[in-house]
Structure formats: C-alpha cells, structure tokens
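Working notes, beginning with the structure itself.
Each chain gets a letter, A, B and so on, in the order the sequences are listed, and its residues count up from 1. In this text, all values refer to a predicted model and were calculated from it rather than measured experimentally.
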Number of protein chains: 2
Amino acid sequence: MRNLLLCSLLSIPAWGVAQTSSENLVPYVKPIIGTQRMGHTYPGATVPFGMVQLSPDTDTIPYEMNGKYNGDVYKYCAGYQYEDKTIVGFSHTHFSGTGHSDLGDFLIMPTVGELKLNPGTANEPRSGFRSAYSHNNEVAEAGYYKVKLDDYNILAELTATNRVGFHQYTFPQSDQSHIVLDLMSGIYNYEDKNVWTFLRVENDTLVTGYRQTNGWGRTRTVYFAMTFSKPFYQYGNKNFSKRQVYQGFWRKFDQTKNFPEMAGKQLRAYFDFKTTAGEKIKIKFALSSVSTEGALLNLRTEAPGWDFDQVKQQAQQAWNKELSKITIQSKNKDDKENFYTSMYHAFLTPITYMDVDGSYRGLDQNIHKTKDFTNYTIFSLWDTYRALHPFFNLVQPSRNADMIKSMLAHYDQSAQHMLPVWSHYANENWCMIGYHSVSLIADAVIKGNAPFDANKALDACVTTARHGTYDGLSYYMNMGYVPEDKNGSSVSKTLEYAYDDWSIAQMAKKLGRMDIYDEFSKRAQNFKNVYDASIGYMRPRLSDGSFRAAFDVLSTHNQGFIEGNAWNYSLYVPHEPEQLIGMMGGKKRFVAHLDSLFTMHLPDKYFAETEDITRDGIIGNYVHGNEPSHHVPYLYNWTDQPWKTQERVRMILKKQFKPTPDGLGGNDDCGQMSAWYIFTALGFYPVAPGSDQYAIGSPAVDGATLQLENGKTFVIEAQNQSEKNVYVQKMVLNGQPLNRLYLTHGDITSGGKLVFVMGEKPKKK
Amino acid sequence: MRNLLLCSLLSIPAWGVAQTSSENLVPYVKPIIGTQRMGHTYPGATVPFGMVQLSPDTDTIPYEMNGKYNGDVYKYCAGYQYEDKTIVGFSHTHFSGTGHSDLGDFLIMPTVGELKLNPGTANEPRSGFRSAYSHNNEVAEAGYYKVKLDDYNILAELTATNRVGFHQYTFPQSDQSHIVLDLMSGIYNYEDKNVWTFLRVENDTLVTGYRQTNGWGRTRTVYFAMTFSKPFYQYGNKNFSKRQVYQGFWRKFDQTKNFPEMAGKQLRAYFDFKTTAGEKIKIKFALSSVSTEGALLNLRTEAPGWDFDQVKQQAQQAWNKELSKITIQSKNKDDKENFYTSMYHAFLTPITYMDVDGSYRGLDQNIHKTKDFTNYTIFSLWDTYRALHPFFNLVQPSRNADMIKSMLAHYDQSAQHMLPVWSHYANENWCMIGYHSVSLIADAVIKGNAPFDANKALDACVTTARHGTYDGLSYYMNMGYVPEDKNGSSVSKTLEYAYDDWSIAQMAKKLGRMDIYDEFSKRAQNFKNVYDASIGYMRPRLSDGSFRAAFDVLSTHNQGFIEGNAWNYSLYVPHEPEQLIGMMGGKKRFVAHLDSLFTMHLPDKYFAETEDITRDGIIGNYVHGNEPSHHVPYLYNWTDQPWKTQERVRMILKKQFKPTPDGLGGNDDCGQMSAWYIFTALGFYPVAPGSDQYAIGSPAVDGATLQLENGKTFVIEAQNQSEKNVYVQKMVLNGQPLNRLYLTHGDITSGGKLVFVMGEKPKKK
C-alpha cells in the first residue's frame, strides 16, 4: 500500500506526450562509482561523449619494469584508484572502464615551493611533485571535479567543454608557484612509449605541442594548445632521455630555461608564477588529433572566456540534457544514483574525435574532414555491441548513426579493409575477438536507424567477415569452426562469429540481398560445430575434427575460451536460443544448467584465472563482471520459467551495482556494464542485437520516461515494484494486455506506455 | 692571334637582345664531380631545385658506433663516395656538398635470388643486399643516373620530376626478383634516429608511408607514395627493433608477410616479383612534407604515366633551360664542364618544399599553404649568403625572392622569433654562426629584387639581430664584441655579426629607416673591437677587455675562430675593406699580408685541424675549401695591386676545380663553392652582399651571355683570354671604357656588353 501510495504521488507524465524534465539529475551522478578496484572508471571532469576527460591520476606506474610486465599497472587503466593517498596530477585523456589501457596525456600539476620535476613514488610522496589528498576534500560531479592538494594547500578544480579541459587552481601566497606540464606521464606507460613529444612556448600565456606514442594505439598523436589566465614570468624544462645523440648547434642555447622550443622523448616542462593568497590561476587545455593549429581553433571556439563557473555550468547543463533522456521514479536514492551514474558512464564513450571544423586524423594518418556527421573514436566493440549500442539506438539514435558512420570511415581508411574491432585515436588495436562492428550496423539497420548507405555498409560487413587472414576466419569459413590447434580461444571465436554472421544475414534480408542472407544464415549455424553433445557443452575442437581431450568446463584459460569458461560460453548463442535449448537437451535440462550456473560453488582456483573482475563479480559460476554472459539471465524467457529471469536480473542488479567507489564488480567496459544496468532496471534487454526484440525482465524502477529523439515518449510504470516484488504479474501496453515476453523496438519508438504490475510471487503460468 | 681568331669564330650574339641558346648544355654537366673525398656531392638524378634527389648510396655507416662518434660517417654526407665498390641502394633525399648531414630517406634496392633484408658491409658485401658495381657501367647526367648492379645483373636507371623519383630496373629472368624498401637506412644515421616509420600497402601496386627522424633536423617527417609498374605477387617486412613492448592483439596476424600495415622504428619491407629476362620494373616514388595524401597528389600530378624516357627527357630539358641562363664560350672542354657543373650544383639547393597544391609543413609542424610563392628549404646560409644567393639575385631573381619569402615564413613560424640560421625540412638546426638571413634580404632589397614587404622583412632582420639569448649576441650588443671566455668562436662571431649589421644598415637606409640605419651602422664597426693592433691580427678578447694571451695566428681550433684561422679571418671585413686596410697598417702592409697568405708554407699540424677540405683545398695558408676567405683574393682591388686579384683568382680556379670525381678541394656547401666558381670565371665577384657592387677579377671564359629574367641580356667578351693571359688590360662597357674595379648590379641588369681585353702581363697602373 505504501508503495502504491508513493507511486501515485509521483507525477508520471501522460504517455505519448513529449515533455522535458526540469529536475536536476546531475546530483544523482556519482563519478566516484567504480573508481575502486575493478570498475576502472575515472572521477574527473568531462562532458557527454567529450574528447577531453580531465581527471586526477593517482599513480603513473609503468607497464613494464626491468623488461617485465608489471601487473600492478592494470589497476591504473583509468589513472585513478580510490585507495591511493596521493595525486600525481591531472591528465586530459582517460578510458572509462577498460581492461587494458593507454592515454593519460598531458599531466598537469600545480605546486608551490621548491620545484620538483619528478612525480615521486606512492611510498615516498615527498620525493616528487605528487601531493597527498583526502576524499573528504574531494568532490566528483558530472562535469566537475574538485580536490584539495594537501602538500601545497592548493585547491584544484576541473571542468571541461567537449575539446577543452579547464583547470582552476587556487594558490596560497608564494613566490614559487609552479605549473608542471609532464609530457612523459601516461597510462600504461613504458620507457619507449613516448615516440616523440614537442612543445612550443608561443608567448607568455600560450603553449602548444603534441605527444606521439606507441602503445595500445600503435601510431598515436595528440596535439594540444594550452593557455594560462596569467602570464608566467619564467619557464623551463628538463629532458629525462637517457640518450640524446645529436645536439649540435642547439648547444648555442641554454635549452632548459626560457627556451621556447622543446622536443624529445622524455620531457617535463614547468611554468613559474608568483601568487597572492587565494589567487586563482586558470588553464584552458585544448586537444586535437589534427595539429596544434586545430587545438587552438578548438580552444578559441569552445572556450573563449575565463569564467570557470560558467563553463562548469554549461558542462552540467549538457549532462542534464543527456541524463534527462530517461527520467526514473524510484523510492531508493541508491537506485537513482546507480541509474543516473550508469547513464553518465554510458554517455562517456565513444568520444568525439574531430576538431570543431570537422577535421580529424584517420586510420591512414591522413587528415580527413567530415561535414555531415560527428566522428567518434574509442570503440570497445567486443563489449559494447551487446547493450551499449542497442541502448544508443534507443535514446541516442543520431549519435549511434554517427558512430557507425565513423566506423565506416575507419573501414574506408583501413589498409586491412576491415571494420573496427577495437579502435581508438586513429588506431586499430585488434583487442579481443569477433567482428562485432557488423552487429552494430545490423542492429541499426534492423531498427530503422540507418541514415547511411546501408548497402555499402553491408558490403563492408561482408568484406570484414570474409577476411581470411583474420584470427582463424579462413578455418572458420572452410571448416565451420575455428580449430583450437590452429587458433586459440577457438570456441569463443566460433560462437561469436556465428552470432555476427546471423546479424549480417538479418541485415541482408532486410536489404533484399538474399545471396548474402543465405551465405551468412548458413554460417550463423556454425555454433553447432563446437557443441559436444556427449558432455553437453561447447568444447574446443581440433583441425582433425575431434574434440580436444583435455578439458575442464570450469576453466577459462587456454582451452578455447576467453573471459568466460565453457559453462558460461556454452550459452552464447544469443541469436538462436531455441536451437541452443534443443541442442542442450530441451528446456528442462537447460533450466537446470542455468540454475546451476547461478547457484553452484566455483572453487577459488577458477576465480584466480577469471580476468578483470572482483570476487563479487561472480555469482555462483555466473560471471557478470565480464561480458559473455550478459544475455544469459534473460535466457529463462525461452524456457517455461521466465520468472527466473526476473528473479536473477534483480539479484544481479542488487549484487553487482552499488553507489560506492567499489560499486562495480568488474570493468565498466566503456559503458557496456552500465547499459546492462539501465536496460535491466527498465525491465527489458536486447538479447540479440540485430533483432528488433527486447526480452522482458523485471523493472527495478517504479517508473521511467524515455524521451525519444523522434519527439515521442515511452513511459514505463512498474506498479507495486519493490525489492521483494520482482515478479511480473501482468503487462499492459498502451492499455492492451501484453501477452508476450518481449517488446519490439517499434513498441518503444512509437511512443506509449507500458505498465508492469509486479508481485512478490512468480507468475508461473 | 689564334685565340682572337677562335673568338671571332664564336657567334657571340649582339648584346642587349634576348636570345635562347639552342645548344644542349646537359652533356657538360658531370654530376660525378665532387663525389670523391671532400666535395660531398651526389651523382644521382634530380631536377633544378627539386624536392627529390634520387641517388645511389655507397654506404650507410652509422653516425655513432658503441656510443661514440664514428668519424668515417663524414665521408657519407651525400651518401656516395667514388672509391666505394658497392652500392647499398638508391635513396630519395640528399644534401649537396654539406659538411654535416641528414636525409637519405627511403632506400630502394632491387635484387634477385635469395631475399636479403640487411645491407651487408663493404668488407663482406655478399653478406647483404648491397651490390658491386663498376664506374665503367655507370652514367651520371643532369637528371639521369644509370648503373649496372653486378651482383644481380640488374640495370638500374633513375630520373626524377620535382617531387617524384622515377626508378627503372631491368631484371634478368628470375622467380625471385625483389624490391627492398629500407625504412631504416639513412644518412648520418644512428640507432635511435628513426623516431617512427609507417607503411601501408594500399593495393598490389601502391604503398604509402612516412619516416620520422630525430637528427640534424630534430623533428622531421617525410611522407611518401610509391607505385609499381607491375603488381607484386607477395610482400612482407622485418622489424629489426630490439624492443617492441606492446604487441597485444596484433599477434592475431602474421605481420611479417602480406600484412598491409607496418609501423615501428626499424623496418625493412620487400616486394616480390617473377621477372622475364630484360623485364623492366618501374617505380615512381613521390615525397611530401605534408601527408601520404599529399605525396599521392604529387605523384599523380607530376608523373601520371610510365614513360621513363619521357620523364628523363623532361628532366634534362628542365636542366637545359636553367643552364642556358648563362652560356659561355671557352676553348677548353674542362672549363665548360667545370662551369656547367658549377651551374648544375648551384641550382640544386635550396630545394622545393611544398606539395603541388602549395601545402607544406612549417617550422611549427603545422601545415601551411602558400599561394603566391614556391616554398623552399635547405638554407645553408653561413655558406650561401656569400655568393650563391647574390648569384641567384642575378640569374634566378624570382626564385631568390621566393627563397626569402620562405625564410620570412620561417620567421613567422619560429618559436624563437628568428630568421633561419641553417634550416632544412621544417627544422632549424642552428648550424654555424651569424644571422646571415639578413644578408640575403639586404642584398635582394639593395638590388631591387624585393617583391615582398621589405619593411616587414627589415623588422624580422632587426628582431633576429637583437635576439639576446642567441650565441653571444647579448655580449656583442652590450660590449661591442663576443668575449671568448663567455662564448666560443668569438672573433668569427663578432666579425660576421658586424658584417650582417652593416647589411641591415644598408637595407634600412634604402627604406628610409634611419634610426635602424644608425644603430646597425654603429654595430657594423664592431669588427674593430677584436683587432689587436699590437700583433696586426684579429684576436679573441675576454670579458675583462683584454686579448686572450694564448694565441696562435695559424691555429683554427678553440681560440676564437671557426673554419678559418686568424690569418684568414682577420680579413673578414667585407663591408669595410678600406677601413680594414687602414687598420692593418695601410695598403703596402696589407698586400704583404695577402701575399704571404697565398705563398707561405702551412705546417702540416695546422692542416690536420682544418675542417671539411682536402690538402689541396689550401693554397699556402689560404683556405679555399672553407668559406670565410672566399672574398679574400678580391681584396687586392682595394690596394694598389688589383692585378694580384686577377692572378690569384685564376690560380684558384685552376687549382681548386677539376672536372673529375675528386675535382673539388672542399665541400661544395649547397652551391656556394660553385657560385664562387661561376662569378670568378665570369670575371667579377660580390665581395659584400648588400652592396650593389661586384669586384672585378679575371674572366676565365672567352665569352659569356647572361639571359636575365627581365628579358635583357648581358654579354661578356674576354678578348685574348688564355691560361697565361690572366691580366685585364682594358675594359669596355657598352662601348665606353670602364675605368673602375667594379661592376654594379644595374650595369648587368640593364643589359649590355662588357669587353675585357686580356694580356699576359699585369697592368700595374
């Protein structure tokens, strides 16, 4: 009763009528969520899909020490770990939630007192320019970050526009106030990662330059233009390179002090000021992939003034606009924080990757210019094809179409003639498996969100999917599976290729390209070829046709799978759940398999080999902290026990998402985890992108309003919803009973209202 | 008599009437001159002022071995040494005549048989892909080079357009024919010089990429597009980097074979063919400073077809056009070869440095676009301000003005706000001393060849000349000289700054900027401050005002001078010879000083410390192989014995220039030595650029016709000239006796005829 009363008090708008929320949603966003342990999110300032992610780095330990991989570096994928006691500085580029890393460009640190040009270590913080800080003095909001740097009594504040990081440092009185610009620092750094850095002091308030690295992005350059609100009275730099072979007549100059052109592989620069107590020094730091000229254009266009508060306000308005695309009703503040922070995390990546004039550096390292779309980068596709891009097709369709246009431009520029696999900053890094670009494109085409040449896009998909030299594909095409003795992670690859192929087939069918439909429909059945009926699991198969003998269904490593064991991956046939269920012995046995997945005890030895997640990221043997099972809890819908989906997803929401620094059990993976949260909290999920159907789950909100780009509104009302009332009793769509376990994309985009009536007991009929 | 008869048989055209020579002058050009020992010229193919210098490299030894400078590298400033027995390959960029080096980008080598991907060594040539060759099978012409590669029975032919190197390789029958593209190779290379290289196989006949280096040019990138006349059937590469830290998911591919995207610091690629006997494989290789897209544009614009002979013919026509700007009459084939080869060498540098659309990479590493001038690079200004650019003001005024515009663009892009000192490929390398850009600009302004904003140019000169942190300039400005205890080579710097200041003053006077005229006229007198009257020599002075005690007038090193000892450098007051003579004790004592310079015996120990020249590059103690004394033989004109100038210059011409590989006694220095030859052979020389006067010498030709850009013709007739008849008896300009020891620039540019009547005895009156 109490719940119903509360529900009725909430002003849920009439469905089908566009409205704008006047609620300020920014306070529900807690960027600090996921910054502890495995979430790999960053707490700093950025705008939606912004090119700049200006955020504190709490350590900059190297990827490699003494020639060996340094496992600790993994903690710093986003530069920040909540437990750390010191901040090294504030850098301008960060991945959100990745499990490998790069970036961390252009670290800035304000200091006072004796000039230090090395960062120092966490154990001996006073040995360098890093500073102690306290979470008590730290504020992380969408578009704004603040922290007190205890060692220097400097208040650091950060905000951003799309391409410009805006710093505001409030100094104490000092004749020795410094801004350090560290061109050596970076995330997943190692000795030779800096290929070249270049810096020009154009005048006493303007500095330009670039950093070129060889890391996860093999050939990567980021340009900058940096301007100060107050002229520095002197400046200098130190070159930390071990070798500088040819100096020649450069020796004419003292290049370390007040010399305006610096270049090398290991540079740190500093700029000196005299400050009065409470004096603010502001810095605007613009990025470009094109040139320092491009960075300067971005700087002058996006951030012409010096009003920090105004820029902060604009950033938060931009966030509010994006967050308002879904407003929810919930009695639970934690749920609201989880929800809007998920929205926030989902709207970080991919990032804008072009100058204000449309110029950007392409995969071929040439400068391209786009007139009719925003070019994006950072495509963590193995993760994000599952739920993030389907989510974008729903609430960010224009951006999603532009992301696909960006991927098609990548294809046009690719020497390999392939769509992106995992790409960032004009680089393909080939990370993970599959060719899931095709899933994104198919999903957009199927859902009618394809303002691009769909036939050309299909050709790109087909060319990519026929690329014989790619990752076992020639075996797959010839034999119907990837043989483990020829190419590792063979089962995962076979299963994902088969799904991808199905998505190509769906797109081809819609476009009337039946030859392609036939070819890829056939390939889509290849999942059967790695199923060992004798044990009831997917299992690595060898090139002689036999299944690999040595095999442990609980183990992940080196036996045909990646980021998931056979128990989980055997369920990876999102496009043909009925066939999967039949193959695995029918609904009853399948439910038993699913049940055991969630309830069994996974011995610790198997956890040790599960990547990227905390112990909490596993429920039984179900690994939520990694992606391959994200659709799995929804598979009960294809059995006789769909209520178990409702039960499981609510349990997962509760266990895996908390509004705390350690609230994420695994990497957010550029928003995939967050998109899973959002869909699931709303009560439905895209099990097979490329289909127009969403499987019904159990809404964890009391209500929600989706403001669609087409002007329509889709309202969800979850009557009687509570922590206990997780079971759907009834669904009513636009006043008519909904007697199916899925919504179609059209159901939503037509606008309307879906009422869930919830109860505490499963409706088993 | 015989001479006179021959003279009259020559058809010297009527003066003042423009005419075009129909004579083919290309056969007189011997690019092989200077390729042995110290000339540092290259024999390969290029067009006048062309961006591509496609030439054989006979070794690619490193600048540094085991962390120490490798003196032998000096021989390979232009990549080629005549004595060498093997050719490593053909690379696309070469300096002509420098004494330090860089470039050698993109070495290509055709081979057959077993694939070798290392160059091998001179001692064990068969250990690598280099090949033996013979000078008997070698042809080096202006715009064309041919050699037989003995190890492979391949005939290699090279020609070029401005921005495209054109290779034609005639192969034997082989199933294993290879083209090696070496991205590691370079001139003055060392282990870390390659900052990054990048290569894309776009299709089976097109490859693009770039090479980025850190050498003499600290931050330098050259892009290319390479196309083959025949598709390769397979390709691959080897990465020779000692360390490649992060490979990640690139391991999906076998990147060594048929993988189209290569990147790293140490790469060599190969392309495989099957050839029939006598089959030609042609390669067009375009350069750009902008991008691979720019290189492709250059390729398609300049060299659309595959007709090698046609491109060769166009290259030689372009040479003939430039060479024809001065046609000479001479009885002596050697003299003609020396003369036209000097013309050839003078027209190599500076090189074009922009794409066909006017785009180029500037000093700020941004892309700039010029609409109204050709942008040039490679400014070896300490050398070339003396005679090369004055020569250009005479016969290449449009190009010289464009070169100055290029220098002004450099100034606009300079973080130091300075005109170039020694610049190449969007880099200032600061080589040598002085700020001689101002001399070029003044010379152009004074001679009326200034189609640019002369006042703005003067401002750039003044800003440059007041740049206190540059090379002792603040001392110079405060104290009137550079003190040796504060800044080395102090006497040379003081003297050259004083001359440069005089040139600024002349320009300021012409522009009516009398405050600047006064300031710099005063500075121009600073040469007096380093003259030690007690010994009669310029001498290093310390900051306490005293002259340095330890001092040897014959020694060059570490006592105030660079590339010249006190004996030579004491004569470096080109702008005030009268004052110099007075200061040094009057004409009689001055003549004695000059005489002793040419006739004294220089002990070997002093030769050992003389840089950049052969033993023959010194005449007595007069060092012709270096630049500081180039004006010296003309100084007799300011004494009572001008006939000694006539005698000395003829002697120098004879001793220092021979039409043989070892025909140059010192570095050609980007054409300065050649320009000295041309002026001197014509009978006059610009002692002080910035003055409109040329000092009269002794013509070594029988006649010459200068075709001027303004349509006028200036004819020189040297009656009775012979090896013995070196003394001018009489001069007649346009029918009137010429009773002065100089010509003005206007005398020449007005068109007309100058008759020298020569004799075997000095005319001492």
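- Listed options B:H100, B:E428, B:E202, B:H417 were ranked by heavy-atom pairs under 4.5 angstrom with chain A; first place goes to B:H100.
- Contact of A:S414 with chain B is made through the backbone alone, with heavy-atom distances under 4.5 Å.
- Heavy-atom pairs under 4.5 Å with chain A were tallied for B:N258, B:I433, B:D364, B:V421; the largest tally goes to B:D364.
- B:E261 has its side chain within reach of A:R218: a pair of non-hydrogen atoms, C-beta onward, lies under 4.5 Å apart.
- With rounding to the nearest 0.5 Å, the separation of CD in B:Q365 from OG1 in A:T208 is 10.5 Å.
- A 4.5 Å side-chain heavy-atom check between A:W196 and B:T221 finds every atom pair outside the cut-off.
- With chain A as partner, the option from B:G294, B:G215, B:P260 having the largest number of non-hydrogen pairs under 4.5 angstrom is B:P260.
- Looking only at heavy-atom pairs under 4.5 Å with chain A, the residue among B:E191, B:K265, B:Q212, B:K193 that has the most is B:Q212.
- Across A:F249 and B:W430, no two heavy atoms sit closer than the pair CB-O, 2.8 Å.
- Each of A:D471, A:N487, A:N203 has some count of heavy-atom pairs under 4.5 Å with chain B, and the biggest count is that of A:D471.
- Proximity to chain A (any heavy atom under 4.5 Å) is shown, for B:W216, by both the backbone and the side chain.
- Ring orientation note: the planes of A:F253 and B:Y470 are tilted relative to one another, at an angle of 30° to 60°.
- The candidate from A:Y69, A:Y223, A:F259 with the greatest count of non-hydrogen atom pairs under 4.5 Å with chain B is A:F259.
- Going from atom CG of B:L473 over to atom NZ of A:K252 covers 10.0 Å, rounded to the nearest 0.5 Å.
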